[in-house]
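Within every chain, numbering begins at 1; the chains are lettered A, B, ... in the order of the sequence lines, protein sequences first and strands thereafter.
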Number of protein chains: 2
Amino acid sequence: MGRPTMNDVARHAGVSLKTVSRVVNGETSVSADLAARVQAAVDMLHYRPNIGASMLRRADRRTRTIAVLLEDVGNPFSSSLHRAVEDEARTRGVQVLTGSLDEDPQRERELARVFTMRRADGLIIAPASTDQAYLATEVQQDTPVVFVDRPANGFPGDCVIATNVTGATEAVRHLVAHGHRRIAHLGDYARIPTARSRHQGYLAALAEAGLAVEPDLIVQDLHDEAAAESATMTLYARPDPPTALFTSQNLVTVGAVRALRRLRLHRAVAVVGFDDFPLADLLEPAVTVVAQDPALMGRTAARALFERIDGATGAPREFWIPTSLIRRGSGELPPSRSLRDAIAL
Amino acid sequence: MGRPTMNDVARHAGVSLKTVSRVVNGETSVSADLAARVQAAVDMLHYRPNIGASMLRRADRRTRTIAVLLEDVGNPFSSSLHRAVEDEARTRGVQVLTGSLDEDPQRERELARVFTMRRADGLIIAPASTDQAYLATEVQQDTPVVFVDRPANGFPGDCVIATNVTGATEAVRHLVAHGHRRIAHLGDYARIPTARSRHQGYLAALAEAGLAVEPDLIVQDLHDEAAAESATMTLYARPDPPTALFTSQNLVTVGAVRALRRLRLHRAVAVVGFDDFPLADLLEPAVTVVAQDPALMGRTAARALFERIDGATGAPREFWIPTSLIRRGSGELPPSRSLRDAIAL
DNA sequence: CTGTTAGCGCTTTCAA
DNA sequence: TTGAAAGCGCTAACAG
């Protein structure tokens, strides 16, 4: 009394179950006559094959499902990436399961297990944990995993990562070129690999310019707007504040911009942010950023995954997705000679 | 040579397959001794149940999967909604399949069919088409469908919709209260139900204020920033332009703001937008909006769906999600007496 | 408490 | 070209 089955169709069409299977799967070795009768029965009963059941017996054992584990399907970076994966999957008739990790390593394991029980053909993971060795026992040998946004440890898989170090270096070099000597770095959780790379790029640019590292100008473990805003306020309560900020993530960038607004320093302090965000060009001054390309990252990850699913072998590959500096104004402000006066206002 | 099966576990533990099934499913009627042996074998073989296979024979025939059809999983509205659905699903151990419709009715049907073949336990659809009668033959009687953001036609299902008409009326009433008499409406594709409702709300507010409808001040079928920007430019090339804009969607709002910037009218023309967007509060002037609550819409839709999946019967319900006017500055600008002079600049 | 048998909806294998 | 039988991994129904 539930959905009609292949057997129901066979009975209605007066053919064997196997003939229905052939028609449904588009095999050509069925006479036109029988095929038509089967099709008529399919239409009349509104038969829809149960692909979960077919996968059980099918030789390739594919579920035509992939799973994507992201930081948060609701944030702009993750959701752009998700959309790009969907588009690649769609051309192949593959469905996409998603889950949000919220920087929780535990959740990463849980979801890897859940999607394994669903027999996803492959996984795309933006790791929240620092060690993916657990995947060895969690996923099957022949289930490919592609890592995106952050590198993996302890498990072989293709890897799609933005050029975080060089992007950050370029950002800070840009500030140096505009005359800045005291450049602060506002970073995300220090345990996040991308945050570390961006920090590393910052240090490299300072070294390159022969500038000393001032630990007081480096604030880490900022993960949301509020934290970034208050860290910036604190920075500008100091006697000798920086003339420029390099922020390592868009929520941090926005938090810093908010603080500068409150302090009325938004036209006095230069800012370059890592990762672009909507409307950055409409702020005053418009925000200079090192833009990532989440859609390209998603597309690249999906294509790599499907190549592996289709049987590609060989050592894990690294795909480096270039970042690009977008000059909009905030990063081109010269160092203010009178920051303390401005603050006094 | 693939994944270990329940049979492999049974052999290793020296018990029957059914005993393994009991342990794996947490049934208590197994002696501690056997349960421990089974668990040991599970751990040693890294056994993971194939829930696709179990669903085939299980009495409730649930896949513990729901499908969500959205406009575009990459846009802020859809992705916030998606995230809220995920959170509800997670508490129930249910996985979420998603798909983007891109305003394509054909795609809506396709995806409904695909997810039916996956035997999703229920569907959440933000309709792209105007008629959902096709669902009658596409989904099973007992597969609940909940519609979100836009109403359904021709198919019974709970419906979760923002108060578009009253929200739009409130927006325009707000502009009227600030002295505006010539208020333009920039709307999305006229075929989109939410766009029509917002247009209707606009008309209601004008009528309430005793203002005549000026067809020249109504521009429809704007779906992206570029279209909205050029429509706004055109509007201000007219001899007698409006002193305020009511924009019906956030891309349209942003396009209009861009145009006003270019015309240097952003402090002269009042703007209220429908639907909030990130950083609206950081623009100058900050943008007054009628905010929707996509997360609440997603949560409400998911809860309604799970109630139906859990057997709730009764007539389709309507859940009206309230909008809220957020005053930020752009909507509180008074009518400019010298718009033409300002434009002349 | 434990096991045996049947069968979910489908594809495979093999025979006609 | 068509179909019968077996079986994918699992749970239900029923025995012991």
Open item on the list: Under 4.0 Å from OP1 or OP2 of C/dC10: is there any side-chain N or O of A/S21 that close?
Closed with: no
Open item on the list: Please determine whether a side-chain nitrogen of the Lys or Arg among B/R92 and B/E88 lies less than 4.0 Å from a carboxylate oxygen of the Asp or Glu.
Closed with: yes
Task: Salt-bridge contact B/D293-B/R299 (side-chain N to carboxylate O under 4.0 Å) - done: no
Open item on the list: Taking only side-chain N and O atoms of A/S54, does any of them lie within less than 4.0 angstrom of OP1 or OP2 on C/dC10?
Closed with: no
Task: Presence of A/N50 side-chain N/O under 4.0 Å of C/dC8 phosphate oxygens OP1/OP2 - done: no
Open item on the list: If I take atom CG in residue B/D60 and atom P in nucleotide D/dC10, what distance separates them, rounded to the nearest angstrom?
Closed with: 16 Å
- [ ] Round to a whole Å and report the spacing from CG of B/N7 to P of C/dG3.
- [x] 13 Å
Open item on the list: Check this one for me: any side-chain N or O of A/R57 less than 4.0 Å away from OP1 or OP2 of D/dG7?
Closed with: no
Task: OP1 or OP2 of D/dT2 under 4.0 Å from side-chain N/O of A/S31 - done: yes
- [ ] Check the distance between C/dG9's C1' and A/L56's CG and give it to me in whole angstrom.
- [x] 9 Å
- [ ] Decide, yes or no, whether a salt bridge links B/R11 with B/D8 under the criterion of side-chain N to carboxylate O below 4.0 Å.
- [x] yes
TODO: Report yes if at least one side-chain N or O of B/R119 is closer than 4.0 Å to OP1 or OP2 of C/dG9; otherwise report no.
DONE: no
Open item on the list: I'd like to know if A/R107 and A/D102 make a salt bridge, using a cut-off of under 4.0 Å between side-chain N and carboxylate O.
Closed with: no
Open item on the list: Can you measure A/R3 atom CZ to C/dG9 atom P for me and round it to whole angstrom units?
Closed with: 12 Å
- [ ] Select base, sugar-phosphate, or nothing to describe what A/L17 touches, counting heavy atoms under 4.0 Å on all strands.
- [x] base
Open item on the list: Of the listed nucleotides (C/dC10, C/dG9, D/dA4), which one gets closest to any side-chain atom of A/K18?
Closed with: D/dA4
Open item on the list: At 4.0 Å (heavy atoms only), tell me whether B/R22 reaches a base, stays on the sugar-phosphate, or touches nothing.
Closed with: base
Open item on the list: Just the rounded figure in Å: distance from C1' of D/dG7 to CE of B/M6.
Closed with: 17 Å
- [ ] Would you mind reading off the distance between B/I51 atom CD1 and C/dG9 atom C1', rounded to a whole angstrom?
- [x] 17 Å
Open item on the list: Go through it in stages, so that I can follow the logic: the residues are B/T143 and B/T116, the test is side-chain contact (heavy atoms from CB on, under 4.5 Å), and I'd like the CA-CA distance, side-chain angles, deciding distance and then a yes or no.
Closed with: CA-CA 9 Å; B/T143 302; B/T116 290; over 6 Å; no
Task: d(CD, B/E27; C1', D/dA13) in whole Å - done: 13 Å
Open item on the list: In whole Å, I'd like the distance from the CG atom of B/D8 to the P atom of D/dG9.
Closed with: 8 Å
TODO: For B/S29, answer base if it contacts any base atom (sugar-phosphate contacts may also be present), sugar-phosphate if it contacts only those atoms, and nothing otherwise; contact means non-hydrogen atoms under 4.0 Å.
DONE: base
Open item on the list: Side chain of A/R58, heavy atoms from C-beta onward: which of C/dT2, C/dT12, C/dG3 has the nearest atom to it?
Closed with: C/dT12
Task: Residue whose closest nucleotide on DNA chain C lies nearer the 5' end, B/R61 versus B/T28 - done: B/T28
